[in-house]
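Written out below as structure tokens is the structure these notes cover.
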Amino acid sequence: MHTKSRSKKHEPTIIPVAYLQEHGKDGLNKKLEKMTVDELKQMKKHFLSKPKKELDKIDREQMIQNLITYADTELKRGSKFLEDR
């Protein structure tokens, strides 16, 4: 049986939702600001569900804001799920 190993270069540097939960919006923003454009692009591929053409047009600041918005939305969605239980 052959399994394909995943290269670390394809794994996101951080999980935005978990980082937001632990460090808040300011902490997540600071962490994303320190990342390279390539790291941000890798994260946007993993976490942002937009067409590739649209993602390619996004600048660095917009990528950061989109990742923060994504993390905030997912965190709130998880909190709402737990409240409803």
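Just so you know, residue 1 is the first one in the sequence shown, and it goes up from there. When reading the values below, keep in mind they use all heavy atoms of this one structure, side chains included, and skip hydrogens, waters and symmetry mates.
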Is any side-chain heavy atom of [Y] closer than 4.5 Å to one of [X]?
{"X": "L67", "Y": "L28", "value": "no"}
{"X": "I14", "Y": "K31", "value": "yes"}
{"X": "Q65", "Y": "N29", "value": "yes"}
{"X": "L32", "Y": "M43", "value": "yes"}

Inset, instruction - Take Q42 and D38, measure what side-chain hydrogen bond (donor to acceptor under 3.5 Å, both in side chains) needs, and give me the verdict at the end. - result: CA-CA 6 Å; Q42 193 62 41; D38 288 338; over 6 Å; no
So how far is it from [X] [atom1] to [Y] [atom2], rounded to the nearest 0.5 Å?
{"X": "K44", "Y": "N66", "atom1": "NZ", "atom2": "CG", "result": "9.5 Å"}
{"X": "L48", "Y": "Q62", "atom1": "CG", "atom2": "CD", "result": "10.0 Å"}
{"X": "E74", "Y": "I15", "atom1": "CD", "atom2": "CD1", "result": "12.0 Å"}

Legend entry - R77 (side chain) donor-acceptor with D72 (main chain) under 3.5 angstrom: no
Inset, instruction - Apply side chain to side chain contact (heavy atoms under 4.5 Å, CB included) to K30 and list each qualifying residue two or more places apart in sequence or on a separate chain. - result: none
Legend entry - side chain to side chain contact (heavy atoms under 4.5 Å, CB included) partners of T13, counting only residues at least two apart: M35, E39
For the student: nearest non-hydrogen atoms of [X] and [Y], plus distance:
{"X": "R60", "Y": "T36", "value": "NH1-C, 3.9 Å"}
{"X": "V17", "Y": "Y70", "value": "CG2-CE2, 4.0 Å"}
{"X": "K41", "Y": "M63", "value": "N-SD, 4.0 Å"}

Inset, instruction - Can you run down the ring-ring contact (aromatic ring centres under 6.0 Å, His included) pairs that involve residues 21-40, sequence neighbours left out, and say none if there aren't any? - result: Y19-H23
